[in-house]
Visitor: 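Can you keep this structure in mind? I'll have questions shortly.
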Amino acid sequence: MQLIPHSDSRVLKSSDGCEIYAEATGQPRHPHVVLIHGMTFCGAVFDDFCRLPDMLQNLYVVRYDMRGHGRSGKPEAAEGHVSKLYADDFMTVVAAFGLKKPVLAAWSFGGTVAMDLAANITPNPISGVFYINSTSLQRRSGTPLMAVIMSLEADIATSALALQRMRQACFDAPHTEQPSFYDKCFYAGMQAFQPYAARRVGLGRSTDPEPYIRLLKEGKVEVFVYYGKHDALLDGAVLEAEMKETTMNVEVSVVENGCHAIFWQFPKETATTLIRFAKRVWQPEDMASS
């Protein structure tokens, strides 16, 4: 695979010593964005997305592999997946790359990190949240297919089938070209790096949405909900409704034929929308004054 121009990759140590793989692209003079992947995958899902000229020329993006995934450490005990550690991982990345009030851009299960930050980090360390087909605050947005997949995943004997169905569902939508054999192997390979025990405790970890909801009600976090209408795994309308009930600082964009991996399906549109949001809300000066 072609290397990404201006890429800076590092292996960091979080507060508990867990290794966190992170990679930066773009120039630090541009708005800072932390890009987080979904469950079972890793930051490599964004390789092609971060290689887009518009992304390189307009944003400074740091993506990292969440603990339990990809090139990061993979704790298999519940104490290695408490909310504070997920917040510490994020802040470790922020400190290592000198980020100032970054925008959190999160795909799927990665959206839960916004709640980890609100519950554990003061003052608020982010300028805004850009949700990409993300799970809802109360985790009620799963489709019937997601329920079937989670049921299969709960048994190690059927876990491989659950992962296969999850991969396929990421790309299911009307009029959508299916991924190449290379892409299928690429996504399957990311899942293969995750031990079953680490996946189970990661999926079962708890998050407290109340501190984040308070920030939203106080207007301290700008939010953009970006989702595909035909996402086979998560119903973006649930998160949209939650946000509209909680805060006035929310924008929404629904992509008519969008699948779950919408950044893969419509990379240029996704990049344009993210860049516009990040340029509007990024306020690095707030970090110095808070």
Side-chain angles (χ1 to χ4, degrees), residues 1-75 80-81 85-113 116-117 125-127 130 132 182-183 185-195 198-199 202 261 263-264 267 270-271 274-275 278 282 284:
M1 177 173 288
Q2 182 182 6
L3 293 176
I4 301 176
H6 314 298
S7 176
D8 175 11
S9 60
R10 309 180 194 181
V11 177
L12 311 173
K13 287 290 184 71
S14 192
S15 60
D16 64 339
C18 182
E19 291 189 341
I20 301 296
Y21 176 88
E23 184 172 351
T25 51
Q27 298 297 329
R29 66 178 181 273
H30 298 311
H32 297 176
V33 174
V34 177
L35 188 57
I36 304 181
H37 60 88
M39 180 58 68
T40 80
F41 301 113
C42 72
V45 295
F46 299 118
D47 278 356
D48 288 341
F49 183 63
C50 288
R51 192 181 290 116
L52 293 172
D54 282 350
M55 292 289 288
L56 291 170
Q57 295 166 12
N58 289 280
L59 298 176
Y60 183 52
V61 178
V62 181
R63 54 210 166 91
Y64 69 94
D65 294 355
M66 287 194 293
R67 60 177 53 225
H69 298 76
R71 296 150 288 190
S72 290
K74 301 171 182 64
H81 290 269
L85 292 177
Y86 279 76
D88 289 349
D89 296 347
F90 183 96
M91 297 307 296
T92 296
V93 171
V94 166
F97 289 90
L99 304 181
K100 306 298 183 183
K101 273 282 209 146
V103 172
L104 167 58
W107 177 47
S108 194
F109 195 74
T112 59
V113 173
D116 296 316
L117 294 174
I126 55 178
S127 291
F130 187 85
I132 307 169
Y182 173 87
D183 285 339
C185 293
F186 181 54
Y187 276 71
M190 284 183 276
Q191 292 178 318
F193 272 93
Q194 186 178 49
R199 182 162 59 253
F263 58 88
W264 168 87
T270 303
L274 172 57
I275 291 166
W282 185 53

Visitor: To the nearest 0.5 Å, how far apart are CG in Asp16 and OG1 in Thr92?
Guide: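 Between atom CG of Asp16 and atom OG1 of Thr92 there are 9.0 Å.
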Visitor: Minimum heavy-atom separation for Pro75 and Ala198, please, with both atom names.
Guide: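 Scanning both residues completely, I find the closest heavy atoms to be O-CB, 3.5 Å.
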Visitor: Could you tell me whether the side chain of Tyr64 reaches within less than 4.5 Å of the side chain of Glu23, counting heavy atoms only?
Guide: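 The answer is no, as the side chains (C-beta and beyond) never meet within the 4.5 Å cut-off.
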Visitor: What are the two closest heavy atoms between Ala22 and Val93, and how far apart are they?
Guide: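 Closest approach of Ala22 to Val93, heavy atoms only: CB-CG2, 4.3 Å.
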Visitor: Can you name the nearest heavy-atom pair linking Ala44 to Arg71, along with the distance?
Guide: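 Where Ala44 meets Arg71 most closely, the heavy atoms are N-NH2, 3.4 Å.
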Visitor: With sequence neighbours excluded, what pairs up with His32 under the ring-ring contact (aromatic ring centres under 6.0 Å, His included) test?
Guide: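 His32: ring-ring contact (aromatic ring centres under 6.0 Å, His included) contacts with Tyr60, Trp282.
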Visitor: Identify, with sequence neighbours excluded, every residue that meets side-chain contact (heavy atoms from CB on, under 4.5 Å) alongside Ser72.
Guide: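 In terms of side-chain contact (heavy atoms from CB on, under 4.5 Å), with neighbours along the sequence ignored, Ser72 is linked to Ile20, Tyr21, Asp65.
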Visitor: Using a 4.5 Å cut-off on heavy atoms from C-beta on, say whether the side chain of Val61 contacts that of Phe49.
Guide: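 No, side chains not in contact.
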Visitor: Could you walk me through whether Met66 and Ile36 pass the side chain to side chain contact (heavy atoms under 4.5 Å, CB included) test, one step at a time?
Guide: CA-CA 8 Å; Met66 287 194 293; Ile36 304 181; 3.8 Å; yes
Visitor: Rounded to the nearest 0.5 Å, how far apart are OG1 of Thr270 and CZ of Phe46?
Guide: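 Here the rounded value is 10.0 Å.
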Visitor: Could you tell me whether the side chain of Arg67 and the main chain of Gly80 form a donor-acceptor pair under 3.5 Å?
Guide: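 Yes.
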Visitor: For Arg199 and Thr40, which heavy atoms make the closest approach, and how far apart are they?
Guide: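 Of all heavy-atom pairs spanning Arg199 and Thr40, the closest is CD-CG2, 3.7 Å.
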Visitor: Measure the shortest side-chain to side-chain distance between Pro31 and Val103 over non-hydrogen atoms and say whether it is less than 4.5 angstrom.
Guide: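 Side chain of Pro31 against side chain of Val103, heavy atoms only: no contact under 4.5 Å found.
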Visitor: Can you say whether the rings of Phe263 and Trp107 are parallel (under 30°), tilted (30 to 60°) or perpendicular (over 60°)?
Guide: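 It falls in the perpendicular class, over 60°.
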Visitor: Could you grab the distance from atom CG of Leu104 to atom CG of Leu117, nearest 0.5 Å is fine?
Guide: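 It comes to 6.5 Å.
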Visitor: Apply side chain to side chain contact (heavy atoms under 4.5 Å, CB included) to the pair Lys13 and Glu19, showing each step before the final yes or no.
Guide: CA-CA 5 Å; Lys13 287 290 184 71; Glu19 291 189 341; 3.6 Å; yes
Visitor: Between Leu35 and Cys50, does the side chain to side chain contact (heavy atoms under 4.5 Å, CB included) criterion hold? Intermediate values first, please.
Guide: CA-CA 10 Å; Leu35 188 57; Cys50 288; 3.9 Å; yes
Visitor: State, with a plain yes or no, whether a side-chain heavy atom of Tyr86 is found less than 4.5 Å away from one of Thr112.
Guide: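 They are not in contact (no side-chain heavy atoms under 4.5 Å apart), so the answer is no.
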Visitor: How about Val33 and Met55: do any of their side-chain heavy atoms sit closer than 4.5 Å?
Guide: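 No - every pair of side-chain heavy atoms lies 4.5 Å or more apart.
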Visitor: What pairs with His30 under side-chain hydrogen bond (donor to acceptor under 3.5 Å, both in side chains), at least two apart in sequence or on another chain?
Guide: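 Checked His30 against side-chain hydrogen bond (donor to acceptor under 3.5 Å, both in side chains); zero matches.
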Visitor: List the residues meeting side-chain contact (heavy atoms from CB on, under 4.5 Å) with Ala96, not counting sequence neighbours, and say none if there are none.
Guide: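 side-chain contact (heavy atoms from CB on, under 4.5 Å) list for Ala96, sorted by chain: Arg10, Leu12.
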Visitor: According to side-chain hydrogen bond (donor to acceptor under 3.5 Å, both in side chains), who are the partners of Ser15, at least two apart in sequence or on a separate chain?
Guide: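 Only Asp88 meet the side-chain hydrogen bond (donor to acceptor under 3.5 Å, both in side chains) criterion with Ser15.
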Visitor: Closest approach of Gly43 and His37, non-hydrogen atoms and distance?
Guide: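 Looking at all heavy atoms of both residues, the closest pair is N-CD2, 3.4 Å.
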Visitor: Drop me the distance from Phe41's CZ to Phe186's CZ, to the nearest 0.5 angstrom.
Guide: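 Atom-to-atom, Phe41:CZ and Phe186:CZ are 10.5 Å apart.
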Visitor: Indicate yes or no for a side-chain donor-acceptor contact from Ser127 to the backbone of Lys101 under 3.5 Å, with no hydrogens or angles considered.
Guide: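 Here the side-chain-to-backbone pair exists.
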Visitor: State, to 0.1 Å, how close Pro102 and Pro125 come at their nearest heavy-atom pair, and which atoms those are.
Guide: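 For Pro102 and Pro125, the tightest heavy-atom pair comes out as CD-O, 3.4 Å.
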Visitor: Report the distance from atom CG of Asn58 to atom CD1 of Ile275, rounding to the nearest 0.5 Å.
Guide: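 Rounded to the nearest 0.5 Å, the CG-CD1 separation comes to 4.5 Å.
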Visitor: Going by side-chain contact (heavy atoms from CB on, under 4.5 Å), Cys42 matches just one of Arg63, Met190, Gln194. Which one?
Guide: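 Exactly one candidate clears the test, Met190.
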Visitor: Using a 4.5 Å cut-off on heavy atoms from C-beta on, say whether the side chain of Ser108 contacts that of Met39.
Guide: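 Result no, sub-4.5 Å side-chain heavy-atom pair not found.
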Visitor: Considering residues at least two apart in sequence or located in another chain, which fulfil the salt bridge (Lys or Arg N to Asp or Glu O under 4.0 Å) criterion with Asp54?
Guide: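 Once residues adjacent in sequence are excluded, Asp54 has no partner under the salt bridge (Lys or Arg N to Asp or Glu O under 4.0 Å) criterion.
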Visitor: Are the side chains of Trp264 and Asp48 in contact, using a 4.5 Å heavy-atom criterion?
Guide: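 SC-SC contact between Asp48 and Trp264 ruled out.
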